[in-house]
Amino acid sequence: MVQLYNLHPFGSQQVVPCKLEPERFCGGGRDALFVAAGCKVEAFAVAGQELCQPRCAFSTLGRVLRLAYSEAGDYLVAIEEKNKATFLRAYVNWRSKRTENSRVYNITPVEISFCVGYVAVMSDLEVLILKLEPGPKNGERVHHNPHKTNNRMRWTEEGISNEISQLESDDFVICQKPLELLGEKSEQSGLSVTLESTGLADEKRKYSHFQHLLYRRFAPDISSYVLSDDIKLHSLQLLPVYQTGSLTSDGKNLSQEKELLSLFCFFSLPHVGYLYMVVKSVELMSVYQYPEKSQQAVLTPQFLHVITSNNLQCFTVRCSAAAAREEDPYMDTTLKACPPVSMDVCALRIQLFIGLKAICHFKNHIILLTKADPEAIPERRQSPKRLLSRKDTSVKIKIPPVAEAGWNLYIVNTISPVQLYKEMIDYSNTYKTVKTQSCIHLLSEAHLLVRAALMDASQLEPGEKAELLEAFKESCGHLGDCYSRLDSQHSHLTLPYYKMSGLSMAEVLARMDWTVEDGLQKYERGLIFYINHSLYENLDEELSEELAAKVVQMFYVAEPKQVPHILCSPSMKNINPLTAMSYLRKLDTSGFSSILVTLTKAAVALKMGDLDMHRNEMKSHSEMKLVCGFILEPRLLIQQRKGQIVPTELALHLKETQPGLLVASVLGLQKNNKIGIEEADSFFKVLCAKDEDTTPQLLVDFWEAQLVACLPDVVLQELFFKLTSQYMWRLSKRQPPDTTPLRTSEDLINACSHYGLIYPWVHILISSDSLADKNYTEDLSKLQSLICGPSFDIASIIPFLEPLSEDTIAGLSVHVLCRTRLKEYEQCIDILLERCPEAVIPYANHELKEENRTLWWKKLLPELCRRIKCGGEKYQLYLSSLKETLSIVAVELELKDFMNVLPEDGTAAFFLPYLLYCSRKKSLT
């Protein structure tokens, strides 16, 4: 459906001083207009003060049937006819008159259009679109299956011709049915195409084969009794749209290089026009129904201009809508929107223009050829009784030779996009108070007009581009206003359009009509959707107390379940706590979560300074339910302002009164993907007023809780590293925790498999230090327990053990534990014999087992004997350890082996009891 508006896209006009009656014309480059009459071409200036002044003129070899200009190479191409032969000529260096030309022979289609490697070919009732693609190296003759194709082509032409000649009679005609084939299916059209290079021998050939994109065939109109010759396709055109930068940039394009974004193909029947998109996918975008028979049409990125015998018509197009979706992956999301490609097109203007014959578009000009026809006399060559006959039943027009028609060539200036945009906005105000789609349709057309102008920003002056960007934002605001007043499936578009407008939430609310009708205030879904999302997105905008009160009142009427959520938004910071509490008390909690209302009341009570009310609300539910409430609305604890994490007043209060609940709640948020690992760490540091280099105990409690909870998305080794680093840092600095830990080492061992039982010899080692500070025993026990656990990667922390000195028993225990986990038993035995002999036997009993049992007599026994010989203050400890070692070895070895491991210079009386036991061992068993 085509809607009609009475707007004014056209401005002033000038007459082009042609010497001969124009037959064909086209724009050339940035500053020229070509006009062809018979075998002569004239060029005129169409820019600056020399507008419509002659540039040059040259003759062609044949009568010009079509004209086209190529910006790449700055040459003019003409399809010419001479001696009933049709051929193509390219005119190079036309600016200095014709000094060189080259000729290639072509097929005989009605029209051809070529653009950035795409070719469209049109006959009377058929259209074929191909994409040329690179292939073989230079020097190779390029054919596309030449033998097979040529054979099939001859067969097809002859076969159809013979079949038709046999079936056709004077009383009926055979017509092929309409057909549309898209993409690869278009190869089934039956048309044969041969691609052949005919350039110079040393010329580089860019294309060598092709891909079928579209084939469409129309049936002739047989609704009348005669088969009219003018029921044919016309105005074939390919229109490229290039990507040169983002619309939302600060006025600077990211790249000045043109990159093809979209390509559109237009062709038309006398009463219907068709616009296709043909780059990534081939699809029909728009169908144009003309109010009267068209003669020619020209497509631009912004409009489709169509001429009839007496009217110049201007239709809107959807090229910018399609290109925007190709350019921006965020289109059609909550971030960005664009009017749909499927939206009905409209006619902006139908301008009376007598005797129109041809049209051409150039930059911001429309070139028109008019001619006043003399009185024509219809004359039929055959009797009207012969109705539908293929052979010749068309109406011929006989023109008296004495009547010479008057003609003119005009240049019509189109007004600037911004000026037309403003007129469309003013026109849309007639629909402003009515909730219909008409207002949205016209505003969408205005939006697409500006968007199309911005897509070719390289041709704009800086001031003009700034004006267009401002109009673009303004159009987004108008569309946001329209969708905010609707209660339909498209009301969600309020959000992206308001975002693209750059309006703040306060500015949007100020545009709303707050008047009450019939004593009831109604808020449409579009506005509610926008406000709700905006309050969730942390826009760093704080509403005034008055606007905040209006917002909470709005949601209480429209969506009462959202009231607790919107009160938690940072944008609602300035709301009067008494106002907030009054709405919370009026809520009926039977239909939704009462725990969320309870927690919101508790938070508001803190702002009011009513601690008793706060405590009563917090006591009304169990801790588990309170955690569930925080998961439903994380902003009760954590908010973001200007990209920074900010703990709420409720979180600060829980830190002092219920730290366990706070840690459990943040853990619940992380478990439900409401907060990330790094965000949670930052939250506790900000909450405890610690810098990045300082770790508060509450954060350590949170890390320990993560281990206990075994969260699937937590990397264990990273968490181990955080905890061990903190334990070791506090032990090395003798720095006690800033708050009392929520869990002891015993609690962690009982609750978490990652914390292992501490080895018995470690306790003996630690108990040997009577001067140990009890403030650090918990950190030491937790560190030892982690090292003793089954999941800990010992090698990962060895490089970080240096600050923890072995001079202290605490540090020694950690070093020996790590070496033991690395199976460095002999080194550990030496250290213990030197620093804590009483722990050697418990160590050996626990560690020297199975394949390591030989170390009892290969390492521990000789080492004890050596140290006993040296005497010293630890003699008695060594002697006691030696006796226990001998008891173990006597059980493990046979008598002969036992005697071999004893020292040769030992006292026989000392070793005799163990030898006797070893010899009797076999008889006892």
Side-chain angles (χ1 to χ4, degrees), residues 246-248 320-321 324-325 328 330-341 343 417-418 421-422 424-454 467-515 521-541 543-544 547-548 550-551 554-555 558-559 562 566 569 571:
S246 174
L247 293 180
T248 56
S320 60
R325 288 169 170 83
D328 198 333
Y330 293 101
M331 199 60 66
D332 298 322
T333 66
T334 58
L335 296 176
K336 295 181 182 179
C338 182
V341 175
M343 185 176 72
V418 172
Y421 161 78
K422 291 178 180 179
M424 296 172 81
I425 295 300
D426 292 340
Y427 198 106
S428 70
N429 287 332
T430 58
Y431 304 105
K432 192 170 184 179
T433 58
V434 184
K435 295 179 181 179
T436 65
Q437 291 294 327
S438 297
C439 183
I440 291 179
H441 187 275
L442 189 52
L443 288 173
S444 297
E445 295 287 9
H447 176 86
L448 289 177
L449 171 69
V450 177
R451 187 183 281 274
L454 282 168
E467 194 176 12
L468 281 170
L469 284 171
E470 190 61 33
F472 177 82
K473 292 181 180 179
E474 183 186 75
S475 71
C476 293
H478 288 314
L479 284 169
D481 292 342
C482 281
Y483 284 111
S484 71
R485 295 192 295 266
L486 292 181
D487 188 17
S488 68
Q489 60 177 347
H490 301 300
S491 57
H492 66 280
L493 293 173
T494 307
L495 178 62
Y497 278 119
Y498 273 145
K499 281 186 177 181
M500 295 161 64
S501 72
L503 294 170
S504 67
M505 190 162 34
E507 290 171 330
V508 170
L509 289 170
R511 297 160 74 103
M512 296 298 108
D513 183 9
W514 299 98
T515 57
Q521 180 69 61
K522 185 178 180 182
Y523 304 99
E524 300 297 352
R525 193 179 357 168
L527 178 61
I528 293 295
F529 184 83
Y530 163 74
I531 297 295
N532 195 19
H533 272 262
S534 298
L535 292 175
Y536 265 102
E537 291 179 359
N538 301 316
L539 299 180
D540 298 328
E541 177 187 0
L543 297 177
S544 65
L547 284 178
K550 285 185 176 180
V551 168
M554 178 193 311
F555 277 88
E559 292 190 20
Q562 293 296 323
I566 65 136
S569 170
S571 300

### Task
Evaluate side chain to side chain contact (heavy atoms under 4.5 Å, CB included) for E524 paired with S491, printing each intermediate quantity in order.
CA-CA 9 Å; E524 300 297 352; S491 57; over 6 Å; no

### Query
Could you go step by step and tell me if L527 and M554 meet the side chain to side chain contact (heavy atoms under 4.5 Å, CB included) rule?
CA-CA 10 Å; L527 178 61; M554 178 193 311; 4.1 Å; yes

### Task
List in chain and number order the residues that pass side chain to side chain donor-acceptor pair (under 3.5 Å) with S504, two or more places apart in sequence or in another chain; answer none if no residue qualifies.
E507

### Query
What residues form a side chain to side chain donor-acceptor pair (under 3.5 Å) with E470, not counting sequence neighbours?
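Here no residue qualifies.
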
### Task
Give the intermediate values and the outcome of side chain to side chain contact (heavy atoms under 4.5 Å, CB included) for residues Y498 and S484.
CA-CA 10 Å; Y498 273 145; S484 71; 3.7 Å; yes

Mind checking what makes ring-ring contact (aromatic ring centres under 6.0 Å, His included) contact with [X], not counting sequence neighbours?
X	result
F555	none
Y523	none
Y421	none

Distance (rounded to the nearest 0.5 Å) between [X] [atom1] and [Y] [atom2]:
X	Y	atom1	atom2	result
L469	E474	CG	CD	13.0 Å
S475	L448	OG	CG	9.0 Å
Y530	T494	OH	OG1	10.0 Å
D481	R511	CG	CZ	4.0 Å
R451	L454	CZ	CG	8.5 Å
K336	M500	NZ	CE	7.5 Å

### Query
What about the rings of H447 and F472, do their centers lie closer together than 6.0 Å?
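Yes, they do, as the ring centres are separated by less than 6.0 Å.
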
#### Entry: Stepwise side chain to side chain contact (heavy atoms under 4.5 Å, CB included) check, L535 with V551
CA-CA 10 Å; L535 292 175; V551 168; 4.0 Å; yes

### Query
So does K550 have more than 12 non-hydrogen atoms from other groups sitting under 6.0 Å from NZ?
yes

### Sub-4.5 Å side-chain heavy-atom contact between P417 and V450
no

### Note, V341 side chain near R325 side chain (heavy atom, < 4.5 Å)
yes

Kindly give the heavy-atom pair with the smallest separation between [X] and [Y], and that separation in Å.
X	Y	answer
Y483	H490	CD2-O, 3.3 Å
M505	E541	N-OE1, 2.9 Å
D332	C338	OD1-O, 4.2 Å
G477	L503	CA-CD1, 4.3 Å
C482	I440	CB-CG1, 3.6 Å
C439	S428	SG-O, 4.0 Å

#### Entry: salt bridge (Lys or Arg N to Asp or Glu O under 4.0 Å) contacts touching residues 489-505 (sequence neighbours left out)
K499-E537

### Message
Going by side-chain contact (heavy atoms from CB on, under 4.5 Å), I531 matches just one of L509, I566, L543. Which one?
### Response
L509

